[in-house]
Amino acid sequence: MLAALASVGVLLAATVGCGSDSGGQNALTITANAINSAGGKNADEAKWIEEWVIPRFVEEQQAKGRTVRVKFQATGVPDEDYKNRIAKDLKTGTGADVVSLDGIWVGEFAEGQQIAPLDELVGADKVQAWDGWQHMPETVQRLMSYGGKQFGIPQGTDGRVLFFNRNLFEQAGLPANWQPTSWDQVLDAGRKLKAVPGVIPVQLNAGTSFGEATTMQGILPLLAGAGSAMHDGAKWVGNTANFREVLEFYRTLYGEELGDAELQQDAKGREKSFEKFAKGQVGILLEGDFLWRGVLNPTGGSFPMADRDTGVGWAKIPAAAPRAGVNGQDYVSMSGGSGRVVSPKSKNVELAWELLQFMNSPAAYEQWISMGGARITPRQDVNAEVLGGDPMLTFVSEQILPITSLRPALPEYSTVSKAMQQATLDVVTGTSPADAAAAYGKAVEEAVGKDKVASD
């Protein structure tokens with residue numbers, strides 16, 4: 001029945017560009033990098049939009065005496081291709097009214113004036129009146145903010161933790177409820193795991209082959225643990241004491257062969273690290289909750305682990321030492337995520353804002369989870385309701401999101417990120433941390449300008 005309603009909703013939406021159609025009816029278009037087909041990209045999201053969001057929103061509006069037409073513009077392409085398409089659409093006003101956007105693109109799109117703050121589009125009083133904000137941690141809200149202004153509503157997030165294999169920990173004489181309080185304690189655990197035959201003690205992503213996974217599941221959590229942000233609001237981190245401290249940790253880890261240096265240079269290294277962890281060949285792995293719900297999931301995971309629920313533990317990522325992390329924190333994390341914005345060129349901004357609120361309502365998230373599986377939503381009230389049966393995701397929602405950090409949503413981010421990846425590759429392959437940090441600092445200064453880079 002829902003599928004039939006969705007088809008009707010999509011057919012009713014025959015409209016071009018943003019805003020009202022030729023018949024004067026209220027018309028909206030939603031776009032996301034998702035397509036409802038077998039093996040399609042983010043197929044569960046596309047199915048949710050087509051089979052639940054559209055028909056239910058149309059029905060809700062009908063009850064208010066308003067006839068609304070909604071169309072879903074499905075896409076299933078590489079992220080960069082999707083980014084380029086929506087950038088053009090937002091600039092020309094030929095695209096959708098409600099647009100799904102990766103949080104890391106917000107700064108670039110804002111600088112290009114392709115998106116606008118919600119307060120300016122909708123009105124500050126109406127935006128602030130939405131009750132959803134009170135259920136979102138400030139750190140999560142910032143996924144869709146730039147320059148202190150909110151450009152959209154987050155649609156999902158995640159958190160990084162230290163996963164560990166309890167069976168290997170038992171063999172190494174380590175506790176099943178392990179929670180390190182410093183980097184030294186992580187290294188000490190790695191040294192004990194090294195005594196277990198056939199085991200990589202610690203997998204900490206490094207190098208350029210892992211791409212952004214090196215930055216998010218390696219460098220940035222450590223940098224936060226050393227007490228520094230990637231960008232402090234004025235300058236990018238360059239050849240600083242904190243960055244050198246991160247590289248020193250990499251040198252210790254790989255210099256003592258507590259990690260597999262060759263794996264970090266493998267084009268398929270990340271997938272292989274997942275497989276090795278699932279097979280009980282990796283002791284500790286710094287990863288996002290995606291590892292739990294998407295990789296190791298006994299049902300449908302890419303590397304299903306039959307004893308995941310009993311054999312895998314998780315711990316908060318410690319700062320280098322107690323209270324040495326950003327904001328004086330004992331523990332740190334990194335989060336990513338995406339959200340949705342209203343096109344500034346929309347001819348139905350207020351209606352698009354209603355749709356955006358509807359898509360971020362508790363009922364909408366609960367339905368999405370029922371169709372696509374457990375995940376962390378930006379709303380703590382929803383998480384408390386739907387994640388109760390999953391202790392790992394509950395842990396991230398309750399204990400990680402309040403302490404997490406985000407990547408800077410700035411246009412130069414990808415350039416700086418790649419330079420950081422190269423620095424770790426240099427260290428893993430034998431360059432001293434001091435020389436690798438100096439080369440990194442010089443590369444960033446050349447890329448963004450010396451006056452925009454901090455060094456000491």
Side-chain angles (χ1 to χ4, degrees), residues 159-196 199-207 210 213-228 242-261 263-264 270 273-274 276-277 280-289 291-292 311-326 328-334 392 395-396 399-400 403-405 420 423-424 427-428 433:
R160 273 77 190 153
V161 301
L162 293 175
F163 287 98
F164 58 93
N165 186 302
R166 286 196 171 106
N167 298 322
L168 296 179
F169 265 49
E170 183 178 4
Q171 294 179 53
L174 291 163
N177 59 346
W178 181 65
Q179 177 55 71
T181 59
S182 68
W183 291 359
D184 284 342
Q185 289 188 4
V186 175
L187 292 171
D188 287 344
R191 293 174 183 124
K192 291 180 179 179
L193 286 162
K194 191 176 180 180
V196 180
V199 170
I200 298 172
V202 182
Q203 169 56 30
L204 178 68
N205 294 351
F210 280 67
T214 289
T215 310
M216 280 294 277
Q217 278 87 244
I219 303 164
L220 294 188
L222 290 179
L223 190 60
S228 177
N242 286 336
F243 189 71
R244 293 191 293 274
E245 186 177 6
V246 169
L247 296 184
E248 286 285 356
F249 183 84
Y250 270 98
R251 179 174 69 171
T252 301
L253 183 73
Y254 287 99
E256 292 187 22
E257 297 184 350
L258 302 179
D260 185 339
L263 183 63
Q264 312 316 305
R270 192 180 188 207
S273 72
F274 290 162
K276 288 178 180 294
F277 188 91
Q281 297 170 359
V282 173
I284 302 167
L285 174 60
L286 196 163
E287 250 301 337
D289 57 81
L291 180 76
W292 175 266
V312 177
W314 51 87
K316 289 180 283 190
I317 302 167
R323 296 181 297 282
V326 288
Q329 294 175 196
D330 293 326
Y331 301 99
V332 298
S333 187
M334 291 298 302
M392 194 278 141
F395 176 81
V396 173
Q399 298 195 46
I400 300 302
I403 64 170
T404 198
S405 298
M420 285 184 163
T424 62
V427 170
V428 167

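Numbers for residues simply follow the sequence, beginning at 1.
- With sequence neighbours left out, the salt bridge (Lys or Arg N to Asp or Glu O under 4.0 Å) criterion links R166 to no other residue.
- Taking D188 as the reference, R191 meet the salt bridge (Lys or Arg N to Asp or Glu O under 4.0 Å) condition, with sequence neighbours excluded.
- Residues satisfying the ring pair (Phe, Tyr, Trp, His ring centres under 6.0 Å) criterion with F243, sequence neighbours excluded, are Y440.
- Applying the salt bridge (Lys or Arg N to Asp or Glu O under 4.0 Å) definition to pairs two or more places apart or across chains, those involving residues 246-255 are E248-R251.
- Under the ring pair (Phe, Tyr, Trp, His ring centres under 6.0 Å) criterion, Y331 pairs with no residue at all, not counting sequence neighbours.
- A donor-acceptor distance shorter than 3.5 angstrom exists from the side chain of T214 to the backbone of G207, with no hydrogens or angles considered.
- Not a single salt bridge (Lys or Arg N to Asp or Glu O under 4.0 Å) links R323 to another residue, sequence neighbours left out.
- Pairing each heavy atom of A319 with each of G325, the nearest pair is CB-N, 3.4 Å.
- Residues Q264 and A206 approach most closely at OE1-N, 3.3 Å, considering heavy atoms.
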Exercise for the section: Take F164 and L174 through the test side chain to side chain contact (heavy atoms under 4.5 Å, CB included) and record every step on the way to the result. Expected result: CA-CA 11 Å; F164 58 93; L174 291 163; over 6 Å; no

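- Across N165 and V282, no two heavy atoms sit closer than the pair CB-O, 3.8 Å.
- Within 6.0 Å of the CD atom in E257, the count of heavy atoms belonging to other residues, nucleotides or ligands does not exceed 12.
- The side-chain heavy atoms of T215 and F210, taken from C-beta on, include no pair separated by under 4.5 Å.
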